[in-house]
Amino acid sequence: MAVQAVKAVLGAALSGAYIALVGRPGALEMVAMAGLVAPLILTLLAAVKAPLALLEQASLFLFAALIGYLAALTGGVHSPLLVWFALVPAEAALAGGRPAVLRAAGAAVVALIAVAALGALSLLPESRLALPAWPLYAASVLIAVVQAAFVAAASQDRQRASDAAAAEGAAMYRFLADNAMDLITRHSADGRIIYASPSALPLLGVAPESLAGLAPSALCHPDDLKAMQTAFMDAAYFGRPATAEVRLKKAGGAHVWAEIRCRPVPHADGTGSDIVAVTRDISERKAYERQLIEARDLSEEANRAKSRFLANMSHELRTPLNAIIGFSEVMMQEMFGRLGSPKYVEYSGLVHESGNHLLELINGILDMSKIEAGKFELSEEVFDLSAVAEASVRFVKLAAERSGVALKTAVSPQAATIFADKRAMKQILVNLLSNGVKFTPKGGDVTIYAGLDSKGIEIAVVDTGVGIPEKDLVRLGQPFEQVEGEHVRKKEGTGLGLSLVKALAAMHGGEAVIESTLGVGTTVRVRLPYAAVGEDGERMQPRDGKIVPFRAA
Amino acid sequence: MDAKSKTVLIVEDNELNMKLFHDLLDAHGYNILQTKDGMEALDIAREHRPDLILMDIQLPEVSGLEVTKWLKEDDTLKAIPVVAVTAFAMKGDEEVIRQGGCEAYISKPISVTSFLDTVRRFIG
């Protein structure tokens, strides 16, 4: 921009000299002089618009054309202004690179030839110079020399500035390379090292100079060679940045996990690319990743072991239960003749009942495991809840009679038929009833209520038992958690019952809530928002979306 | 009893369960062959051609599924129905057992009534 300003000033000086020597300029000469001052306009244009190189180029062409025009007006090949043509490429040197200089010189030559051709064809007007020739030549050369001196000085300044910038850049680059924790390397397109930064020593234990000329195969673990070569290939031949995680050989034969980020560095002459790679020690991260993978494998193995154990336990428990339940059933039926005392019939019934109770427990444990593993599937249907409630009552009737607890059911007509998993509902009711019986003293009672409200079906099992302290309520419903306290410690049970109830209710899109008052009793409400069935036998509130598998906390 | 002529081969390695199945079938008039060994089961089947085979799946040497496979590969034996009686009751077990060639599946512990119903379904 400064160059353009200098040129504009020079143009103005030249115009002034022309007016002094030739006299008042004609219309064409006015145009020419305006052209000489044009760089000023260009300077202004450049201040607001982007393609500076284009403007410079245009200004140089204009400069050559004007000199030719003025030369044509002042004697053609004899004009004292011809020496000015030499300044066109000189200015170009200041403005741009070698191609700009060549183009400017070309423009000057073309203009010179045009002036000479017009002269040879006698098409030029007579010279309008008023003074004798020699002072004119002297003045013209003087001005040209002054401008040439300007150009040379500016060019020198520019060179110096560029050298200084280059030196500063190189120093900064070396500073970065020398002090970076990461290893910085430059590779030829085939991956061989051209330069390695001093970080080679801490990272690989070798002097950076000793790496020069080494190929990737000499640098990394054989198993990782492909990854490294692929990354280099991406950078060198496809011109895109690439990353590889590889094990690099250290001095002494060990390997270090490293991440190599590489990108292409195109050659200045456009004949392909080198590769610059930044290599970082990631052994800590890799060690951490390995630990995570090991931990995951371990946990998966533990989970498989748990599944195997459950399958085996189920098998081993069912085998003797088969004999217990089977033989007691044969005895109850008196298949081979009468047992004699009715007591024996009762006892065989008790054996059979206990066997079935044990079977229920085993099934409960398996169900809980399946629910926790997300493998439990509901099979929902419309069925008679009153009948299931009665069946559940029969199931715990013997136990209730033994402890002197009355069992009642109060199922409202709107809740007599519901849509749910029948087996799950029976499991919920049996678990809640037997819990109620277990914790209710003699003379108390346990009641199943079922009704319909705006939130859907609610089934409540209410006992008049010992109750549960508030601080223990929150812990209930975790598998194998039974409230510990003097008043309940003697009770049998795994704590599985309530967690199964919660899980099964949740699988139905509902919930199970416990309320309890010490000494008054406990109520467990099971809310089933999607279980209500209308008079037409259709579900009143169909459930949208997928069932979210329940996971016990 | 009307089933007198029918013969059932019980393959079962647990003595108590063998006794239970034996006594139940005996009480209902079936002839009974028994073994706790899968290989022997194959020999007995060839020699006596039972009308039904009750097959425990977990056996000491070869699994009941393996024995069933051999039975079904033998043209002279494959018409004999094989009912698996097993304590494998996990989800998916029944499917595996049916794919193994068994005609029916009874899980342990059995219900006496449905056990006898299943046997009757095959050999009256």
Side-chain angles (χ1 to χ4, degrees), chain A residues 304 306-339 348-349 351-379 421 423-424 549, chain B residues 1 3 8 10-30 32 34 36 54-60 63-65 83-97 100 104-120:
Chain A
R304 279 193 292 275
K306 180 181 150 192
S307 293
R308 274 198 303 275
F309 170 76
L310 282 170
N312 285 339
M313 190 188 73
S314 162
H315 184 271
E316 293 313 307
L317 291 175
R318 276 163 196 278
T319 301
L321 268 180
N322 188 52
I324 294 168
I325 294 174
F327 283 122
S328 56
E329 194 176 338
V330 172
M331 287 165 77
M332 279 163 68
Q333 292 181 8
E334 298 184 312
M335 199 178 278
F336 295 93
R338 300 201 51 81
L339 281 172
S348 59
V351 171
H352 189 254
E353 183 201 322
S354 299
N356 275 316
H357 178 66
L358 200 50
L359 182 61
E360 287 302 313
L361 277 177
I362 295 163
N363 287 339
I365 292 169
L366 288 177
D367 284 346
M368 201 63 224
S369 313
K370 276 190 225 160
I371 289 170
E372 286 196 325
K375 288 180 185 163
F376 189 96
E377 280 168 25
L378 288 185
S379 127
D421 184 311
R423 191 181 147 240
Chain B
M1 297 223 179
V8 180
I10 307 171
V11 188
E12 167 65 65
D13 69 319
N14 181 288
E15 280 182 30
L16 283 178
N17 288 330
M18 175 67 90
K19 183 171 172 55
L20 175 64
F21 299 148
H22 174 275
D23 288 1
L24 277 175
L25 295 174
D26 187 48
H28 289 79
Y30 298 104
I32 291 148
Q34 42 184 319
K36 55 172 70 176
L54 297 180
M55 182 74 72
D56 188 14
I57 297 300
Q58 191 170 42
L59 294 169
S63 98
L65 278 183
V83 175
V85 185
T86 175
F88 284 114
M90 303 285 275
K91 195 174 172 63
D93 288 337
E94 178 169 0
E95 202 182 331
V96 169
I97 286 162
Y105 167 94
I106 299 173
S107 72
K108 290 180 197 166
I110 61 158
S111 138
V112 168
T113 317
S114 67
F115 174 83
L116 289 172
D117 285 348
T118 305
V119 170
R120 272 190 213 105

_Between A:Phe336 and chain B, with a heavy-atom cut-off of 4.5 Å, which part of the residue counts as in contact: side chain, backbone, both or neither?_
side chain
*asked:* For A:Thr319 versus B:Ala87, what's the shortest heavy-atom pair and its separation?
replied: OG1-CB, 3.8 Å
*asked:* Can you give me the closest heavy-atom contact between B:Asn17 and A:Ala323, atom names plus distance?
replied: OD1-N, 3.4 Å
*Does any heavy atom of chain A fall under 4.5 Å from the side chain of B:Asp23, the backbone, both, or neither of them?*
both
_For the CD atom of A:Gln333 and the OG1 atom of B:Thr113, what is their distance to the nearest 0.5 Å?_
5.0 Å
*Where on A:Leu321 is there a heavy atom nearer than 4.5 Å to chain B: the side chain, the backbone, both, or neither?*
both
*Taking only residues at least two apart or on different chains, which pairs with a member in residues 323-335 of chain A satisfy salt bridge (Lys or Arg N to Asp or Glu O under 4.0 Å)?*
A:Glu334-A:Arg338
*asked:* Is B:Phe21 in contact with chain A via its backbone, its side chain, both, or neither, using a 4.5 Å heavy-atom distance?
replied: side chain
*Which atoms form the tightest heavy-atom contact between B:Ile110 and A:Asn322, and what is the distance?*
N-OD1, 2.8 Å
*ring-ring contact (aromatic ring centres under 6.0 Å, His included) partners for A:His352, two or more places apart*: none
*Which distance, rounded to the nearest 0.5 Å, do you find between the CZ of A:Arg318 and the OG1 of B:Thr86?*
9.5 Å
